[in-house]
Structure formats: structure tokens, C-alpha cells
Amino acid sequence: MNYNDSVRKIKGVGEKAENYLHKLNIIQVGDLLEHYPRDYDEFKELVPISELQEGKVMAVEGVLRRKPSVKNTSNLKIITAFLEDETGVLQITWFNMPFLMNQLRLGTRYIMRGKIGRHNGKLVLEQPKLYSKNEFYKKVGKMLPIYPLTAGLTNHQMTKVIQTALSECEGILEFLPQEIRKRNDLVGYKKAVQDIHFPKNRVDFIKARKRLVFDELFLYQAALRAIRFQNDQKSCHVMIEKKEVEEFVESLPFALTGAQRRVYDEILADLSGGCVMNRLVQGDVGSGKTVVAVLALYLTVCNGSQGAFMVPTEVLALQHYASLQNMLGVLGVRVGLLIGSLTAKQKREGKEKLASGEWDIVVGTHAILQDNVEFQDLALVITDEQHRFGVRQREVLSEKGEAPHILAMSATPIPRTLALVLYGDMDLSVMDELPANRLPIKNCVVGTDYRPNAYRFMKEQIEKGHQVYIICPMVEENEDVELESVTLYTEQLRQIFRGMAVVDSLHGKMKPAQKNEVMERFGAGETNILVSTTVIEVGIDVPNATVMMIENAERFGLAGLHQLRGRVGRGEAQSYCILMYGNDTKEGKERLSILASSNDGFHIAREDLRLRGQGDFFGVLQSGDKLFKLADIYEDAKLLQAANEEAKRYDFHEISRFYARNRRLSEKLEHYMGKVSL
């Protein structure tokens with residue numbers, strides 16, 4: 001029997017058991033052996049009653065000093081007993097196990113193991129199992145697997161069928177070269193599979209997990225390298241450095257930061273290097289990524305080709321369009337706009353100008369992706385807010401030219417370990433420096449009782465000529481969830497600030513034209529306070545706004561809060577962020593304190609990943625099944641780096657040969673390549 005055989009071949013698996021296993025997507029023996037435990041029941045030594053801890057599964061030994069009692073309720077029979085040792089007395093409770101009344105003997109010594117709870121202020125041992133000394137000490141030190149199950153299948157049955165499969169399967173063969181195993185201190189594959197299910201102790205478990213995690217990460221990095229190899233095609237848009245670009249840089253009213261200059265040089269090297277660029281520029285909010293994008297676009301135009309700048313929202317498209325017009329329009333660069341809210345005539349005329357080459361650069365949303373949008377000579381595709389677009393959407397845009405260069409930008413800082421997984425098929429540039437004139441934002445975490453003080457502070461800022469954002473999590477009132485409503489809140493603020501400030505609102509249910517009008521008024525300074533949902537999170541740039549107050553801040557992820565905070569602090573004046581929590585919990589305050597103590601997006605992203613886990617990190621991972629069965633990007637960061645380094649030592653064909661002996665693992669390699677290419 002080997003990995004690719006049906007589970008029906010396993011001794012003891014009949015039609016009924018096979019159907020249960022199929023519900024867990026366990027079709028082949030390999031699926032079963034990779035159905036790893038979700039947890040382990042780890043048997044530890046006996047604990048004195050005085051040292052028991054609430055919430056943990058623990059074992060005690062003592063004497064039954066009182067006669068057990070049974071209490072009948074409408075649907076439960078509750079047995080209560082009391083166990084005593086030299087350090088104290090512990091209440092024991094069983095539910096619906098009346099037969100124990102005939103087994104429990106007064107004055108007899110028992111070993112009991114179960115979860116420690118609390119009732120009426122006292123610790124209680126709940127629903128414990130009884131063990132003889134011999135039974136108990138045979139299990140001490142062992143880690144018994146607890147598996148994901150489906151209705152009708154018990155953990156005991158799953159354990160038994162996996163034990164049988166391990167003993168009968170002949171396909172658990174080593175595939176990694178000895179040199180890789182030795183460099184990374186990895187146990188053999190067969191031992192790892194055995195010990196992940198039935199470790200003799202914690203040391204064996206740790207070694208088994210390390211090996212299997214390495215396999216997952218190494219396979220994935222190999223798949224990424226294969227995709228990169230496929231993408232490393234010769235470019236038909238080899239650009240040369242132009243003096244016009246340097247003259248443009250010198251004409252700017254500010255000096256480029258060291259990070260901006262470094263990243264532009266990396267982009268220039270790509271564009272002039274002879275291969276198609278595939279680069280991600282990752283920078284914190286306010287680090288000046290847009291200027292770098294403008295330089296790349298201007299270089300493209302100076303080399304006689306066209307560029308496309310795609311963004312996720314119309315509000316952001318309009319903002320970038322205005323910026324490009326202001327910076328490049330005076331230099332004779334023809335910039336166009338293509339968004340969904342344009343009239344049919346405007347769209348038609350824009351597409352004609354793009355196809356004829358009359359437009360050098362187009363800024364737009366998904367409207368650029370339409371089938372009837374054509375370019376005369378598309379050489380550079382830039383996508384802003386990279387994680388908002390699917391890979392396929394970027395591919396559609398790149399297919400509108402002959403192998404154009406790809407530049408993706410993201411203001412959502414991602415720890416390098418996660419970036420290696422998500423964007424390992426791209427070169428990575430990091431902008432980790434803010435312009436010199438930017439003052440750090442001052443932050444505070446407050447409860448709703450601070451609201452009157454916050455309003456007074458806003459009035460002071462408005463009197464100084466500045467503007468204010470207030471963020472709410474929802475648009476309309478919801479009787480089930482007590483959150484601030486944008487529409488109702490706006491009316492309340494208009495009363496509070498009557499005669500002192502103009503208050504406007506912005507939310508996702510507005511039509512694009514309405515959103516644009518609201519943002520135009522706020523950008524022009526006609527509106528003093530903008531009450532908004534997270535629709536303003538991405539890229540909005542109003543340097544005069546100095547106050548950001550976020551209602552119910554505990555309901556947002558740290559990365560999202562940091563993005564919202566980045567809407568202020570974009571000018572020379574001191575800016576402030578007020579994080580107001582509605583739910584006063586220790587955990588919520590702890591999360592918000594991370595944000596309040598740092599303006600460093602990369603530090604906040606690391607903390608957000610630590611708190612939320614890889615699968616939930618602002619939704620960047622692929623939907624559907626988890627990318628990895630065992631690996632965790634945060635916990636296994638060092639192992640990911642090691643796997644990445646190992647993958648660099650070999651070409652993809654060599655790595656494919658490692659796995660050729662095992663068809664299942666070869667298929668998994670192809671599966672990861674599919675994940676990367678989605």
C-alpha cells in the first residue's frame with residue numbers, strides 16, 4: 001500500500017468508514033497521513049490540589065472522604081464528590097454518569113484527570129476520568145493526538161486507522177537530499193510522519209513538526225522560484241536613463257528621501273536591464289511611493305511608450321490623476337482618466353485616445369481592464385494598493401501590452417516573512433523612510449467619556465484652519481450592534497458644531513460621483529469635518545487634515561487602523577489620532593496600545609500578524625483552504641528564511657527530481673505552483 005492508494009485499502013476501513021473519511025476530504029492514504037492532529041492530550045505528572053489551575057486539564061490523586069451525592073434536574077443527573085490530599089479538598093462533578101455511584105467507594109484512593117473549572121468561587125474538577133496507577137503512569141509524558149473529526153467518527157477510530165496506515169504504508173520514502181537535511185538539522189521523513197501523529201515526547205514532536213513545516217515551505221518557495229523563472233522573459237521595452245527625469249527630480253519642491261532614491265534606482269535597473277520587471281514596492285503610509293511611481297511613468301513616456309496606473313477606488317484615481325496632471329502635464333505629458341462614473345461619450349473618447357497613442361498615461365480603476373480598452377504601446381503597468389487586486393486582474397492589464405513591466409505598490413506594510421510567501425514571485429523594494437518635514441503623529445487611546453474633550457480639541461484645530469476625519473464602522477443603525485452610524489452621527493455633529501464647522505459624510509453606499517463631490521469639497525477645504533467609513537482608508541491625501549478620531553477602534557485590525565491614521569500627518573502641521581474604544585476590554589486596550597505607542601507600520605504589521613494569525617491577516621492570503629497544513633508564517637519565520645535560502649541553491653528541475661519518487665509530493669509541488677499563479 002502506498003500514498004496514492006484509496007483509504008479503502010487500509011485494514012479495517014469499510015464502506016461506512018470510507019464515507020466518513022471522504023467527508024473530511026480524505027480520499028487516499030496520503031490524505032490520511034497528512035490529516036495531522038489539531039491538538040494533543042499531553043499527560044503530565046500528578047499535581048497537588050493546592051497547585052491546580054483553572055482552565056487546564058490536570059491529574060490529581062486523593063482519597064474520597066465524603067459519600068458522593070446525586071442531584072436530578074429536568075435533563076441532567078449531577079454527581080458530586082470530594083477528593084482530599086495533604087494540600088486540600090477538591091470538589092468533583094460528573095454529568096449524566098449515574099453508574100459511578102456504584103463504583104465510587106468512600107475512603108478509597110483514586111487518580112482522576114479532567115479539566116479544572118470554577119463554581120461558586122471554588123475550583124472544581126469537571127467530568128474526570130478515573131485511572132489505576134499502572135494505567136496512568138503508562139501515559140505520563142505521552143502526547144495523544146486529537147484529530148479534526150466529522151459526525152459519526154470518533155477520535156479513537158481515527159487514531160486506530162492512522163496507526164494501521166502507518167504500519168502498512170510502504171510509500172513513506174525520503175526525498176530531501178541528505179545535504180539539505182544536515183544543514184537544517186531535519187529528521188527523516190518517515191520518522192517525522194510517525195512522530196507528528198504519535199510523538200513519544202515533546203522533543204520528538206518538535207523535531208517532527210520542524211521537518212514537515214520545512215517541507216511545506218521549501219515546496220512553496222520552489223514553486224515561487226519556478227514561476228519567477230517562467231516570468232523572467234526578455235523585455236521588448238528596454239529603457240534608457242533620460243536627463244529629463246533627473247531635471248524633473250531637481251525641479252521638485254522637496255528633496256527625495258534616501259529610500260525614494262534607492263527604490264527608484266532599483267526600478268531603473270529593472271527597466272533598463274533587458275528582462276521584464278516584476279517588482280513590489282512596499283512602503284509605510286506617507287513614505288512617498290506616488291512620487292517614485294511618477295518617476296517611473298515619466299521615464300516610460302520619455303522612452304516613447306505608454307504607462308497605466310490602476311487603483312482600487314475612483315476617489316483615489318481622481319487624486320492620482322490630479323497629481324500627475326499637476327506634475328507632468330506642464331512637461332507636455334498627456335494624462336488621461338478612465339473610471340466607471342464617466343459618461344459613455346467620455347469613456348469612448350478616452351479609449352480612442354489611448355489606442356491612438358494620444359494619451360501617454362492613463363489613470364483608472366477596473367474600468368481599464370475592459371476588453372475594448374486598447375493601448376498603442378503599453379510598456380509599464382503600475383497597480384496601487386497591491387493587495388486590493390487579484391493576480392488575474394493584474395495579468396489582464398499586463399496582457400494589453402507586449403510583456404509590459406509590472407510595478408505593484410502597497411501602503412500596507414507586510415513583515416518580510418509574509419511578503420516572501422505572498423509575493424515571492426516578485427522582487428521586493430522597501431521604502432522605510434518618511435519625508436524630513438513629517439512630524440510623528442501623536443496618539444491617544446480613550447473611552448467614550450472623553451468625547452466632549454475630543455470635540456473641544458477639534459474646535460481648536462478647526463479655528464487654526466485645519467480639518468478633521470471621524471471614522472465610523474458602519475453606515476446605518478443596527479439594533480443588534482451598538483456602533484456609531486455615519487448618517488445619524490453626521491446629523492448629531494452638525495448640531496454640536498452648528499455655526500462653527502461644516503460637517504459632511506462619506507460611505508460605501510454612495511454612488512461614485514457623490515463620493516467624488518464629497519472628497520473634492522473636503523480637499524478644497526470647504527468641509528471642516530468629514531464623517532466616514534473606512535472608504536477613506538486607501539491613499540486619500542489632504543495635507544490640511546490634522547485630526548483623526550476612530551470610533552469603536554477596538555473593532556478594527558491594527559493594520560487597518562494604521563492605514564486610517566495615515567490619512568493625517570501628511571502636511572507640516574502636528575497631527576493627532578484619537579482611538580476611541582466602545583468596548584472596555586483588556587485585550588482591546590492592549591491591541592490599541594500597540595498602535596498608540598508606535599507610528600512604524602512594519603512594527604504594527606508584525607504585531608497584527610502575531611495577534612491575528614496568518615490566515616486572518618487583512619485577508620491577503622488566498623481564500624478557501626489554508627495555504628499550509630502545519631506551517632505558520634509568524635511562528636516559523638526562521639524556518640521560512642531557511643527554506644527560501646535552500647530553494648535558491650537549486651534550479652526547479654533539480655527540486656522536481658527530489659520529489660519524483662513520490663507522485664503525491666510531485667502533485668503537491670504543482671498544487672503550490674497553481675496557488676502562486678491564481
Side-chain angles (χ1 to χ4, degrees), residues 2-4 29-31 33-34 36 166 169-200 202-232 415-428 614 626-677:
N2 78 40
Y3 262 48
N4 299 97
V29 173
D31 299 324
L33 296 183
E34 290 178 11
Y36 301 127
L166 283 169
C169 185
E170 298 172 356
I172 310 177
L173 304 174
E174 186 54 70
F175 51 87
L176 277 185
Q178 185 177 0
E179 58 187 20
I180 294 181
R181 302 200 308 273
K182 189 174 180 180
R183 274 195 297 265
N184 297 281
D185 190 26
L186 302 174
V187 298
Y189 182 62
K190 186 171 185 177
K191 180 171 174 54
V193 174
Q194 175 72 44
D195 287 354
I196 198 68
H197 290 285
F198 305 109
K200 292 177 182 176
R202 180 155 284 275
V203 172
D204 283 355
F205 160 73
I206 290 170
K207 288 181 177 179
R209 184 185 179 279
K210 178 182 178 182
R211 166 59 199 266
L212 297 174
V213 166
F214 181 89
D215 288 346
E216 289 184 339
L217 298 175
F218 182 69
L219 268 168
Y220 194 78
Q221 290 302 313
L224 287 171
R225 290 186 63 75
I227 296 298
R228 289 196 63 166
F229 179 76
Q230 292 172 5
N231 289 341
D232 281 347
R416 187 172 183 83
T417 52
L418 186 58
L420 275 171
V421 172
L422 293 174
Y423 307 123
D425 57 325
M426 307 180 82
D427 291 308
L428 181 65
Q614 60 164 323
K626 278 183 65 177
L627 192 54
F628 304 119
K629 288 180 180 289
L630 287 176
D632 179 275
I633 303 307
Y634 182 81
E635 183 180 342
D636 301 309
K638 289 183 179 178
L639 211 50
L640 172 59
Q641 189 67 47
N644 183 49
E645 291 302 318
E646 287 293 353
K648 288 179 181 177
R649 295 174 188 265
Y650 306 92
D651 67 35
F652 184 71
H653 299 296
E654 285 181 285
I655 292 172
S656 295
R657 284 196 291 274
F658 299 165
Y659 295 96
R661 293 176 67 193
N662 189 316
R663 195 178 87 202
R664 179 178 179 79
L665 292 171
S666 294
E667 289 171 354
K668 190 180 288 187
L669 185 58
E670 293 173 8
H671 164 77
Y672 279 138
M673 288 184 67
K675 281 281 188 183
V676 179
S677 304

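With sequence neighbours excluded, the residues satisfying side chain to side chain contact (heavy atoms under 4.5 Å, CB included) with Ala642 are Asn184. For the side chain to side chain contact (heavy atoms under 4.5 Å, CB included) test, residues two or more places apart in sequence or in another chain that qualify with Arg183 are Glu179, Ile180, Glu646, Arg649, Tyr650. Annotation: salt bridge (Lys or Arg N to Asp or Glu O under 4.0 Å) contacts of Lys191 (sequence neighbours excluded): Asp195. In this structure, Lys200 has no salt bridge (Lys or Arg N to Asp or Glu O under 4.0 Å) partners at least two apart in sequence or on a different chain. Every side chain to side chain donor-acceptor pair (under 3.5 Å) that Glu34 has, sequence neighbours left out, goes to Arg664, Lys668. Listed by chain and residue number, nothing satisfies the salt bridge (Lys or Arg N to Asp or Glu O under 4.0 Å) test with Asp204 (two or more places apart in sequence, or in another chain).
In this structure, the side chains of Leu176 and Arg211 come closer than 4.5 Å at one or more pairs of heavy atoms. The shortest side-chain heavy-atom distance between Leu166 and Ile172 falls under the 4.5 Å cut-off. Taking the side chain as every heavy atom from C-beta outward, Lys210 and Val187 never approach each other to under 4.5 Å. Residues Tyr220 and Leu640 have side chains not in contact (no heavy-atom distance under 4.5 Å, counting atoms from C-beta outward).
Shortest non-hydrogen contact noted between Ala192 and Ala208 is O-CB, 3.4 Å. Residues Ala643 and Phe214 share a closest heavy-atom pair of CA-CE1, 3.8 Å. Taking both residues in full, the closest heavy atoms of Ala222 and Ala647 are given as N-CB, 4.2 Å, listed atom of the first, atom of the second, then distance.
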For side-chain contact (heavy atoms from CB on, under 4.5 Å), just list the numbers for Leu217 and Phe628, CA-CA rounded to whole Å, side-chain angles, deciding distance to a tenth of an Å, and then say yes or no.
CA-CA 8 Å; Leu217 298 175; Phe628 304 119; 3.9 Å; yes
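How far NZ of Lys638 is from CG of Asp636: 11.5 Å, rounded to the nearest 0.5 Å. To the nearest 0.5 Å, atoms CG (Asn4) and CG (Asp31) are separated by 9.0 Å.
A salt bridge does not link Asp632 to Arg209: none of the charged side-chain nitrogens sits closer than 4.0 Å to a carboxylate oxygen.
Using a 30° and 60° split on the angle between ring planes, Tyr189 and Phe175 fall in the perpendicular class, above 60°.
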